[in-house]
Amino acid sequence: MSQELYSVDQVAELLGLHARTVRNYVRDGRLKAVRIGKQYRIAREDLEALTGQPVTPAAATTARRHRHVEVSSIVQVDAISPEDASRLATLLMASLNGRQSDDQPVRVQTAYNEERASMKVVILGDVADSIELLRLVDMLSGVDG
């Protein structure tokens with residue numbers, strides 16, 4: 001009994017739907033599924049019955065694999081005043097607002113240590129966005145080099 005089973009997330013990826021929509025299809029009886037533990041599994045035959053088209057193993061494998069590259073950067077800026085740290089944090093956050101909504105998410109967090117007069121900037125995002133934010137930090141922090 002080797003039956004090909006797909007998770008809700010895999011089916012959502014294959015169909016270009018949100019996982020919640022696929023779960024609703026299952027709950028409404030539009031898509032037959034088996035519950036294993038707390039998760040649903042959908043047989044290839046049942047997915048084909050819903051779509052009316054064959055699902056090839058190659059298409060399912062491709063849908064599961066999307067290369068994603070993310071950069072994690074931590075920048076420490078020493079000898080910075082609270083006002084300059086606040087200004088830098090505001091400008092970094094404002095630069096994120098100009099991004100297009102379909103881009104990969106970029107996360108920026110800042111922390112200021114008043115006792116040490118230092119600021120840490122944490123950037124998580126794709127390579128291009130991280131480079132741009134790092135250039136902005138370099139430019140706005142006034143560090144030569």
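Summarising the geometry, atom CZ belonging to R135 is positioned 13.5 Å from atom CG belonging to L140; distances are rounded to the nearest 0.5 Å. Of the inter-residue distances, the one linking Q53 atom CD with L47 atom CG reads 10.0 Å to the nearest 0.5 angstrom. Between N113 atom CG and I80 atom CD1 the span is 12.5 Å, to the nearest 0.5 Å. Between the CG atom of L136 and the CG atom of L88 there is a distance of 7.0 Å, given to the nearest 0.5 Å. Note: I42 CD1 to L50 CG = 9.5 Å, rounded to the nearest 0.5 Å. Separation of atoms CG (D129) and CG (L124) is listed at 12.0 Å; rounding is to 0.5 Å.
Using a distance-only test at 3.5 Å, with no hydrogens or angles considered, no donor-acceptor pair links the side chain of S86 to the main chain of P82. Panel note: side chain D28, backbone R30; no donor-acceptor pair is recorded below 3.5 Å. The main-chain N or O of L17 is never found under 3.5 Å from a side-chain atom of T21 such that the two would form a donor-acceptor pair. Distance alone, capped at 3.5 Å, is enough to place a donor-acceptor pair between the R44 side chain and the V55 backbone. The closest donor-acceptor contact from the side chain of Q10 to the backbone of S7 lies under 3.5 Å.
Within the 4.5 Å cutoff, the side chain of V121 has heavy atoms near those of the V108 side chain. Considering only heavy atoms from C-beta on, L134 comes within 4.5 Å of V75 through its side chain. For the pair R27/Y40, a side-chain contact is recorded, criterion being any heavy-atom separation below 4.5 Å from C-beta on. Put simply, the side chain of L133 reaches to within 4.5 Å of the side chain of L92, judged on heavy atoms.
In the hydrophobic clustering of ILVMFWY residues, with side-chain heavy atoms under 4.5 Å counting as a link, L15 and L31 come out together.
The environment of I36 atom CD1 is dense: over 12 non-hydrogen atoms of other residues, nucleotides or ligands sit within 6.0 angstrom. Within a 6.0 Å sphere centred on CZ of R20, heavy atoms belonging to other residues, nucleotides or ligands number 12 at most.
In terms of heavy atoms, M119 sits closest to A85 at CE-O, 3.3 Å. Between G125 and S130, the shortest heavy-atom distance links the atoms O-OG, 3.5 Å. Across all non-hydrogen atoms, the minimal contact from A19 to D9 is CB-OD1, 3.3 Å. Between D78 and S118, the closest heavy-atom pair is OD1-CB, 3.3 Å.
Among N97, L96, L91, T90, the one residue that satisfies the side chain to side chain contact (heavy atoms under 4.5 Å, CB included) test with M93 is L96.
In the model, R107 has no side-chain atom that pairs as donor or acceptor with a side-chain atom of Q109 under 3.5 Å. Between the side chains of Y6 and E4, at least one donor-acceptor pair of N or O atoms lies under 3.5 Å.
Using a 4.0 Å cut-off between charged nitrogen and carboxylate oxygen, R87 and D84 count as a salt-bridge pair.
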